[in-house]
K.L.:
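To start, I am sharing the structure in question, which I have written as structure tokens.
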There are 2 protein chains.
Amino acid sequence: MLTGRRLVLVEDDALMGASLVQRLELEGARVQWLRQAGRALGALRSPQGHIDAVVCDIALPDGDGEALFAELSRTRPPRPFLFITGRGSIAQAVRLIQAGAGDYIEKPFAMDQFLARLVTLIAAADPPGEGEAWLGVSDLARRTERRVAEAGATERPVLISGEPGAGKGHLARGLHNASSRRLGPLVVHDASRPSGSALSDAIAEAADGTLYIAAVDRLDPEGEMALLELLDTPPACRLVFGGAPEGLEAVRPDLRDRLRRSEITVPPLSARPEDADWLMQRLFAGANARRSAPLSGITEAASAAVRAHGWPGGGRELRARVIRAVDAAEGPWLQATDLFPERVAEAPWRTLAEVRDEAERAQILAALDRSDGHPATAARLLGISRTTLWEKMQRLGL
Amino acid sequence: MLTGRRLVLVEDDALMGASLVQRLELEGARVQWLRQAGRALGALRSPQGHIDAVVCDIALPDGDGEALFAELSRTRPPRPFLFITGRGSIAQAVRLIQAGAGDYIEKPFAMDQFLARLVTLIAAADPPGEGEAWLGVSDLARRTERRVAEAGATERPVLISGEPGAGKGHLARGLHNASSRRLGPLVVHDASRPSGSALSDAIAEAADGTLYIAAVDRLDPEGEMALLELLDTPPACRLVFGGAPEGLEAVRPDLRDRLRRSEITVPPLSARPEDADWLMQRLFAGANARRSAPLSGITEAASAAVRAHGWPGGGRELRARVIRAVDAAEGPWLQATDLFPERVAEAPWRTLAEVRDEAERAQILAALDRSDGHPATAARLLGISRTTLWEKMQRLGL
DNA sequence: TAGACGCGTTCGGTTTTCCGAACAGGTCAG
DNA sequence: CTGACCTGTTCGGAAAACCGAACGCGTCTA
């Protein structure tokens with residue numbers, strides 16, 4: 001029934017949790033069992049792979065499932081949630097279902113019924129399309145790809161917004177190929193490079209194909225006027241725009257809102273670490289084939305380092321790093337130090353306690369910074385109590 | 001609150017029914033009270049006119065409300081249902097909400113709360129009509145509307161100042177409709193788009209109607225001169241101006257003071273969050289009606305996010321966001337992330353437990369790497385015991 | 001001037017983490 | 001075949017981490 005499904009179980013009760021895990025694994029699912037809301041928030045916010053559904057208790061020692069769900073849906077579309085609770089109320093059930101949770105069951109329940117509803121829930125949320133991966137394999141990436149493909153079927157102008165190096169150009173090409181104009185040309189016009197040919201030339205060149213105007217947020221005022229006119233009197237070609245979210249804030253409001261009517265936001269690579277890993281594998285395969293003596297592969301540690309890196313430069317940075325690393329690698333495997341040579345400086349081996357303390361210190365300082373030095377809010381940010389923060393600061397000498 | 005609304009009440013209990021009818025009619029609704037499921041089925045299947053919502057008890061002498069709802073939705077999407085029940089269960093509530101019923105309340109309930117939820121339900125299903133409230137439902141909006149209507153009664157030129165997207169254009173139309181010239185045309189001239197026709201043409205076109213000059217603060221020097229002249233020798237048409245407060249500071253002083261003689265300032269949307277919510281409800285209803293598979297509604301989190309947002313782009317931004325969100329929504333409910341997709345770009349804040357786990361995971365993998373996969377030596381490298389390493393690997397899923 | 005609020009600090013109790021001991025295999029050299 | 005050595009795993013107790021409650025203190029506000 002659940003063969004190969006990946007589930008997350010959030011449940012503090014040891015007995016209940018164990019029995020659920022046992023039964024779910026019997027059905028073939030891979031289950032990650034989390035006992036605390038804080039942990040669950042982290043695991044669901046930066047998952048190690050695709051998660052099919054979340055089974056979530058409501059009363060938890062450090063919070064409640066409802067808040068967990070609300071926090072998750074604040075920033076990203078949450079995975080389907082199946083809530084299970086002992087002391088639930090009708091009002092709560094209504095609230096949660098209306099908030100977009102998938103289902104809600106009272107304890108105690110019959111295991112068969114629980115499983116049936118879980119299966120229904122997963123089936124309802126299963127992505128219908130497959131298609132080629134342009135962006136990545138994460139939920140966010142697949143969702144974005146699906147939206148781009150849908151937009152390709154229409155004739156409307158589309159704005160693809162995202163950080164530099166997030167893959168906007170790739171998506172524009174994918175959109176073009178998914179549209180009825182795929183036989184026509186795809187012309188790329190970079191608005192941030194005024195030296196290039198005039199916009200009108202690009203329009204003529206695109207003809208019955210697609211015109212992708214990159215960095216539309218960097219247009220000068222005349223360019224903006226021209227674009228407004230272009231949107232009012234559509235040219236022969238299909239229009240697709242690319243731009244950075246912050247840059248778009250500075251565009252004149254009427255044009256911005258016109259563009260935003262069909263905006264597709266590409267989540268940055270840092271929001272989907274699994275894609276960073278996936279992208280590295282692909283880039284590695286390409287670069288490795290060109291080596292005279294191909295490497296055997298990538299170490300686990302290198303993968304972990306890639307997932308943990310923030311990727312401020314997006315896919316472009318990743319690409320540069322992988323190519324350089326494959327070029328410079330010495331051993332038979334691609335090591336983390338090949339990808340991040342700048343870290344060699346701090347090379348001496350450290351024990352687990354040391355790296356843990358350092359990570360904690362850095363995060364505590366960041367939290368204090370973010371909360372203007374208020375310890376109470378910093379502690380809330382960090383998910384620990386005020387006293388624990390104080391204790392840690394004592395220990396770390398802050 | 002419910003003025004002019006048509007409601008159907010399905011309730012067998014005489015006391016309860018009477019009290020509900022009394023209160024609902026007090027609020028201005030027209031209520032049709034049915035005591036049997038069979039009757040209700042007929043009345044709802046071939047309604048005598050538009051019905052805004054159905055308030056429905058579950059336990060009925062000749063059937064139950066759930067079956068009634070199911071039977072109705074078998075053929076077409078039913079009107080919004082608000083279920084009220086004394087002997088309800090969580091399972092039933094979940095089932096009904098999942099099936100698309102609007103809301104579900106347990107008896108006994110506080111009448112105020114019941115009314116509030118009924119109003120929300122109706123608003124979410126009711127597309128905006130013409131010529132109703134122009135700005136919103138907040139006190140600020142109401143006051144501004146009153147001032148505009150009063151100004152409409154005079155013949156003087158009026159300056160409507162406010163942020164872009166605050167609703168200046170709507171107010172201008174409202175002013176026109178409230179004036180004695182309502183039978184004449186309303187001509188809009190956008191001063192920020194010089195490409196358009198000349199001002200003199202617009203004056204001629206407006207004739208005995210109203211001329212609305214938008215973005216009057218963006219006029220070029222010649223335009224300012226022309227406008228000064230226009231104010232000295234009033235044309236046949238009524239003059240209304242729109243402009244942004246900061247932009248007006250830069251206008252030449254004599255013209256500015258002339259314009260300011262009868263200025264109405266529109267408070268920005270950010271100053272009246274209730275209006276943002278209200279406006280979203282209306283826009284949502286309109287956009288949702290055009291969907292092939294209408295959404296069930298807006299989640300509470302989405303409402304909260306809308307109220308909290310600063311709306312630098314005013315109503316225009318809100319409109320663009322809602323339309324796009326309804327277009328792109330995937331689940332049965334409109335989520336906060338549909339309205340603010342760019343928020344996935346926000347680097348997710350990590351709790352201390354998360355960064356600690358992340359750091360540990362990376363170091364453990366590095367140690368295993370360095371020790372060729374021998375756990376014992378890796379544990380020694382990390383400065384922990386073999387069992388602890390095993391336990392950590394379990395917990396981190398390695 | 002009283003109250004609300006946030007901070008530093010201590011304390012007792014609960015939970016988790018960590019470790020060593022132990023046991024059942026598995027491998028490999030002798 | 002046998003013993004040395006390693007691994008995966010469980011168990012119980014010691015150590016720590018963590019939390020909430022509480023107290024005194026300064027600061028800010030009504």
Side-chain angles (χ1 to χ4, degrees), chain A residues 9-19 21-22 25-26 30-43 57-65 67-68 300 350-398, chain B residues 349-398:
Chain A
L9 170 65
V10 187
E11 167 66 79
D12 61 321
D13 183 272
L15 236 67
M16 187 74 189
S19 104
V21 167
Q22 189 188 19
E25 288 184 339
L26 199 68
R30 282 187 297 152
V31 185
Q32 190 179 0
W33 178 11
L34 302 161
R35 290 138 222 264
Q36 290 170 36
R39 286 280 168 82
L41 186 61
D57 190 13
I58 298 221
L60 294 167
D62 64 330
D64 66 48
L68 171 65
E300 263 302 306
R350 286 174 304 170
T351 70
L352 202 58
E354 283 164 351
V355 300
R356 190 173 50 206
D357 283 353
E358 191 194 295
E360 287 199 348
R361 164 183 274 114
Q363 189 71 354
I364 287 174
L365 286 174
L368 283 171
D369 192 43
R370 201 180 165 114
S371 57
D372 294 329
H374 295 288
T377 48
R380 217 172 311 122
L381 274 175
L382 294 166
I384 58 179
S385 77
R386 214 165 51 89
T387 43
T388 305
L389 175 60
W390 181 79
E391 199 179 345
K392 278 192 184 298
M393 286 171 67
Q394 291 287 103
R395 196 166 56 76
L396 296 171
L398 300 176
Chain B
W349 180 257
R350 289 166 177 272
T351 68
L352 205 58
E354 290 166 49
V355 300
R356 192 171 48 208
D357 285 355
E358 194 58 55
E360 288 200 348
R361 166 184 274 116
Q363 189 71 350
I364 287 174
L365 285 173
L368 283 169
D369 201 40
R370 186 179 265 231
S371 59
D372 293 328
H374 294 288
T377 46
R380 221 171 307 122
L381 272 176
L382 295 166
I384 58 178
S385 79
R386 208 167 54 86
T387 45
T388 304
L389 175 60
W390 181 81
E391 198 179 347
K392 278 190 184 298
M393 286 172 65
Q394 288 287 106
R395 195 164 60 75
L396 298 171
L398 300 176

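Below, chain A is the first sequence line, B the second, and so on; all start at residue 1. Below, each value reflects all heavy atoms present in this structure, side chains not excepted, and no hydrogens, waters or symmetry copies.
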K.L.:
Expressed in angstrom and rounded to an integer, what is the separation of A/L396 atom CG from D/dC18 atom P?
P.N.:
11 Å
K.L.:
Whole angstrom is fine here: how far is it from CD1 in A/I364 over to P in D/dA17?
P.N.:
13 Å
K.L.:
Within the structure shown, what part of the strands sits under 4.0 Å from A/R356 by heavy-atom distance: base, sugar-phosphate, or nothing?
P.N.:
sugar-phosphate
K.L.:
Which listed nucleotide (D/dG8, C/dC19, C/dC7) is nearest to the side chain of B/T387?
P.N.:
C/dC19
K.L.:
Determine whether A/E360 and B/R356 satisfy the following criterion, salt bridge (charged side-chain N to carboxylate O under 4.0 Å, His left out), listing intermediate values before the conclusion.
P.N.:
CA-CA 6 Å; A/E360 287 199 348; B/R356 192 171 48 208; 2.8 Å; yes
K.L.:
Roughly, in whole Å, what's the span from CG in B/D372 to P in D/dT7?
P.N.:
12 Å
K.L.:
Hey, is the side chain of B/H374 poking within less than 4.0 Å of OP1 or OP2 on D/dT7, counting only N and O atoms?
P.N.:
yes
K.L.:
Within less than 4.0 Å of OP1 or OP2 of D/dT9, is there a side-chain N or O belonging to B/W390?
P.N.:
yes
K.L.:
B/L352 has an atom CG; how far is it from atom P of D/dA17, in whole Å?
P.N.:
13 Å
K.L.:
Quick one: A/R380 CZ to D/dC19 C1', roughly how many Å, whole number?
P.N.:
16 Å
K.L.:
Can you see if the side chain of B/T388 gets near the phosphate of C/dC19 - specifically, an N or O under 4.0 Å from OP1 or OP2?
P.N.:
yes
K.L.:
Between B/T351 and B/E354, do the side chains contain a donor N or O and an acceptor N or O under 3.5 Å apart?
P.N.:
yes
K.L.:
Report yes if a donor N or O on one partner sits less than 3.5 Å from an acceptor N or O on the other, where the partners are the side chain of B/R386 and the base of C/dG20; otherwise report no.
P.N.:
no
K.L.:
What is the separation between atom CG on B/L389 and atom P on C/dC19, rounded to the nearest whole Å?
P.N.:
10 Å
K.L.:
How close do B/R361 and B/L396 get, heavy atom to heavy atom, and via which atoms?
P.N.:
NH2-O, 2.8 Å
K.L.:
Would you mind telling me which residue lines up with the more 5' stretch of DNA chain C, B/S385 or A/A376, judged by nearest nucleotide?
P.N.:
A/A376
K.L.:
Just by modelled atom types, is the A/R350 backbone N or O under 3.5 Å from a matching donor or acceptor in the B/Q363 side chain?
P.N.:
yes
K.L.:
Looking only at atom types and distance, does a side-chain atom of A/T388 sit under 3.5 Å from a main-chain N or O of A/I384, one as donor and one as acceptor?
P.N.:
no
K.L.:
Nearest whole Å is fine: how far is C/dT16 C1' from A/K392 NZ?
P.N.:
12 Å
K.L.:
Measure the distance from CD on B/E391 to P on C/dT16 and round it to the nearest whole Å.
P.N.:
12 Å
